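Shown next, in structure tokens, is the structure this report addresses.
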Number of protein chains: 2
Amino acid sequence: MTKSRVSIKDIARTAGVAHSTVSRALNNNPLISPETRARIQSLAEEMGYIPNAVAQSLQTRHSDTIGLVVASLSDPFFGDVIEGVDEVASEAGLSIFVTASHNDPERELEVIEMFHRRRVDGIIVAASRLSNHYTARLKRIRVPVVLVNHQAVEEQTLFASVAVDNHRGAWLAVNHLLALGHTQIGYLGLGNRQRSDQQRLAGYQDALAGAKLPLPVQYVLIIPADVVQASGDVEAGRIYFPQLLATGVTAIFCYNDRVAVGALLACHQQGIAVPKVCSLVGFDDIDMAQYITPPLTTIRQPRRTMGQRAMRMVLDLLNEQEVENQLIAPELVCRESTRRCVKRDMSNVIRNSYREELCHQK
Amino acid sequence: MTKSRVSIKDIARTAGVAHSTVSRALNNNPLISPETRARIQSLAEEMGYIPNAVAQSLQTRHSDTIGLVVASLSDPFFGDVIEGVDEVASEAGLSIFVTASHNDPERELEVIEMFHRRRVDGIIVAASRLSNHYTARLKRIRVPVVLVNHQAVEEQTLFASVAVDNHRGAWLAVNHLLALGHTQIGYLGLGNRQRSDQQRLAGYQDALAGAKLPLPVQYVLIIPADVVQASGDVEAGRIYFPQLLATGVTAIFCYNDRVAVGALLACHQQGIAVPKVCSLVGFDDIDMAQYITPPLTTIRQPRRTMGQRAMRMVLDLLNEQEVENQLIAPELVCRESTRRCVKRDMSNVIRNSYREELCHQK
DNA sequence: TTGTAAGCGTTATCAG
DNA sequence: CTGATAACGCTTACAA
């Protein structure tokens, strides 16, 4: 930690007072005389005194720290969440411990217990994978925990949470497509995102049902969890997109922007024109979405805001205030990857678009 | 921090031993008899004992934590760095405090002092803006500090560092362009990145000098710092690119990928074909670089590795080992945004490419 | 092998 | 207003 730092006692000694007096002076305790306070404070400054937060924590029984677990640190999605948390935590004078769970529930639990050992004042978990399986060990945690976009269904009652309204987002996406005249709309889902995938699927289905449209089973394609884990979202989307397109859909709602980027890649490679042959909608509105060609219509999650909200929730919990779970409304961002449906002869789609692409390249 | 936790003394009491015995048993001290150790350990487990890391830190005088400051948490660049740091820190059993400096040297210093108060064992600063101006206050810090891609020139001696070789990267980029036959090559720089911008510019100039090519002043365009701060890298690139292209260059080396993305955007908007009319090279190899159209030739910075190295350096420093500053070699990633130079009549470039783009679109 | 006691750097409760 | 003194929860000589 450090060698020979100057402590409150050292100051006391050279000032010829008791160390408790120094403590009071430094904390602007009103009981202290203005003169001694000034004297002590400038002395402390001179001597290069830096308070020991560890000792303070031990005594005051709070550490002014919180623990933050995210599924992945390299994923920009969580970067935004972290930023939001950091903003309000810094404002409140709290420091943040951060680490990645890599989507491993076991590791997630270990991390939480580590935070507990460090006596953090609160814990935020983004994309939690914890299920009821762990509740026993979790019950021990005497600290406010709030979940951001949790993946397990059962935790709602145990912990506070803020989550995007996946159902609503999917509903918005599909209705946008319906408004453009599409009637054959597919869903390209991700099997390793249990909860959110189910919710987006449900939103998709409800939107279709609302339009009284039939829903052939082959219009829904959930990419197997192991494939996604192994190849990543983009690659998974690229590989599975053709299979879904072949069912005859004219538009596809993708689980997220990365899957949509993968689909777009497949289109570029195989000469399929987007949105002419197939409209594409993503989810999240990651940075890339607006810069790729064509720019992606997507459902925006206000990630920074979600981080802020989660942190405020922790703060409220620390103040013994009641909090209620928050469902964040996502928002449709309309760009060029979607457009009016054009009736087309399915048998020629691929061939035609291939021709287009060839001329396109030269 | 927490209410009524079970402590080592509670265990001692119910076990009928001294609390020091419990401490030893729990720490697998060899002096303890196997029986009592087992008894104590299982008792601790039953009672739900969780060691208090704060108290341990106070006693052992090290906290097993490090502080990490990055310029921005929402920038994926730093996400990768953080991930690298997290990997080796977790491995070594250290927890990470993280926060953003928002490129503000004053804030950066405050954060460092806060980390100091928390008695972290080491500090890593990514994209540090600290200059000699602050050395006085910095000297107090008794803790290993390592800088990642620091922007101030003078700190090298005060702190250890790992940084990408900007000069080399620029040199690689420009030589790639030269090899493709380009002789009129521009540099689109960023005025708010003092150090790295200068280094990349120097690498660019040296490469050109090495090829014995003239270097008209107008081929170098550094975007003013205030514009970049206000609009962001992408937008800055988009706005300033046309001005540089108008000087007659056939290829442009951009400060980073985001600037290059901005340039690409300008091209799409104005119907300028890339790489046909103008080749583009970026720097960093951010995620987006490979997915935009055309994919970006760029200079890859191994960000995660840099995070890992920085963390290992901290570990070495903690072991009293000597470390030396590391200059990381970046690597050319060749993609479709660059290609052989085509001699062209400058007066028609814009008009021609416009025509191309129109046919392109339909 | 175990217990006793001191101390890490603070804050907090008493007296004075 | 200020000074002793006792915690906070733990590790670690030093004794027994």
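Quick note on labels: first sequence line is chain A, next is B, and so on, each numbered from 1. Keep in mind that what you see is a predicted model, and the values were worked out from it rather than measured.
For residues 25-52 of chain A, the set of pairs meeting the salt bridge (Lys or Arg N to Asp or Glu O under 4.0 Å) definition, not counting sequence neighbours, comprises Glu45(A)-Arg140(B). Within the structure, salt bridge (Lys or Arg N to Asp or Glu O under 4.0 Å) contacts touching residues 95-106 of chain A (residues at least two apart or in different chains) are Glu106(A)-Arg137(A). Sequence neighbours left out, the pairs with a member in residues 67-84 of chain A that pass side chain to side chain donor-acceptor pair (under 3.5 Å) are Ser72(A)-Ser74(A), Ser74(A)-Glu83(B), Asp80(A)-Arg303(A), Glu83(A)-Ser74(B).
Inspection of the Thr65(A) and Arg118(B) side chains reveals no N or O donor paired with an N or O acceptor under 3.5 Å. No side-chain donor from either of Asn103(A) and Gln151(A) sits under 3.5 Å from a side-chain acceptor of the other. Between the side chains of Ser20(B) and Ser23(B), no donor N or O sits under 3.5 Å from an acceptor N or O.
The distance from atom NZ of Lys9(B) to atom P of dA6(D) is 13 Å, rounded to the nearest whole Å. With rounding to whole Å, Ile8(B) atom CD1 is found 14 Å from dG3(C) atom C1'. Spacing between atom CZ of Arg13(B) and atom C1' of dC10(D) amounts to 15 Å, rounded to whole angstrom units. When the P atom of dT10(C) is taken as reference, atom CD of Gln59(A) falls 12 Å away, rounded to whole Å. Computed from coordinates, the Arg5(B) CZ to dG9(D) P distance equals 11 Å when rounded to whole Å. Look at NE2 on His62(A): it is 10 Å from C1' on dT11(C), rounded to the nearest Å. Put simply, CG on Asp10(B) is 13 Å from C1' on dC8(D), counting in whole angstrom units. Distance Leu26(A) CG to dT10(C) P: 9 Å, rounded to the nearest Å.
In the set dT11(D), dC10(D), dG3(D), dT11(D) carries the atom at the smallest distance from any side-chain atom of Ser23(B). Of all nucleotides listed (dG3(D), dG9(D), dC10(D)), dC10(D) comes nearest to the side chain of His19(B). When distances are taken from the side chain of Thr60(A) to each of dT11(D), dT10(C), dT11(C), the shortest belongs to dT11(C).
The shortest distance between the side-chain N/O atoms of Arg119(A) and the OP1/OP2 oxygens of dC8(D) is not below 4.0 Å. The side chain of Asn27(A) contributes an N or O atom lying less than 4.0 Å from OP1 or OP2 of dT11(C). For dG9(D), the OP1/OP2 oxygens have no side-chain nitrogen or oxygen of Gln56(B) closer than 4.0 Å.
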With a 3.5 Å cut-off and sequence neighbours excluded, list the donor-acceptor pairs that the side chains of residues 307-315 of chain A form with protein atoms.
unit_1    : atom_1 : unit_2    : atom_2 : d
Gln308(A) : NE2    : Glu87(A)  : OE1    : 2.6
Arg309(A) : NH1    : Gln326(A) : OE1    : 2.4

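For Glu91(A), there are no salt bridge (charged side-chain N to carboxylate O under 4.0 Å, His left out) partners at least two apart in sequence or on another chain. Every residue two or more places apart in sequence or in another chain that forms a salt bridge (charged side-chain N to carboxylate O under 4.0 Å, His left out) with Arg193(B) is listed here: Asp233(B). Gln321(A) pairs by the side-chain contact (heavy atoms from CB on, under 4.5 Å) definition with Asp316(A), Asn319(A), not counting sequence neighbours.
Non-hydrogen atoms lying under 4.0 Å from DNA chain D are contributed by Leu31(A), Ile32(A), Ser33(A), Thr36(A), all within residues 30-39 of chain A.
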If you restrict it to nitrogen or oxygen atoms, what contacts under 3.5 Å exist between nucleotides 13-16 of chain D and the protein, and what is each distance?
unit_1  : atom_1 : unit_2   : atom_2 : d
dA13(D) : N6     : Arg24(B) : NH1    : 3.3

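Heavy atoms of Ser7(B) sit under 4.0 angstrom from primed sugar atoms or phosphate atoms, though from no base atom.
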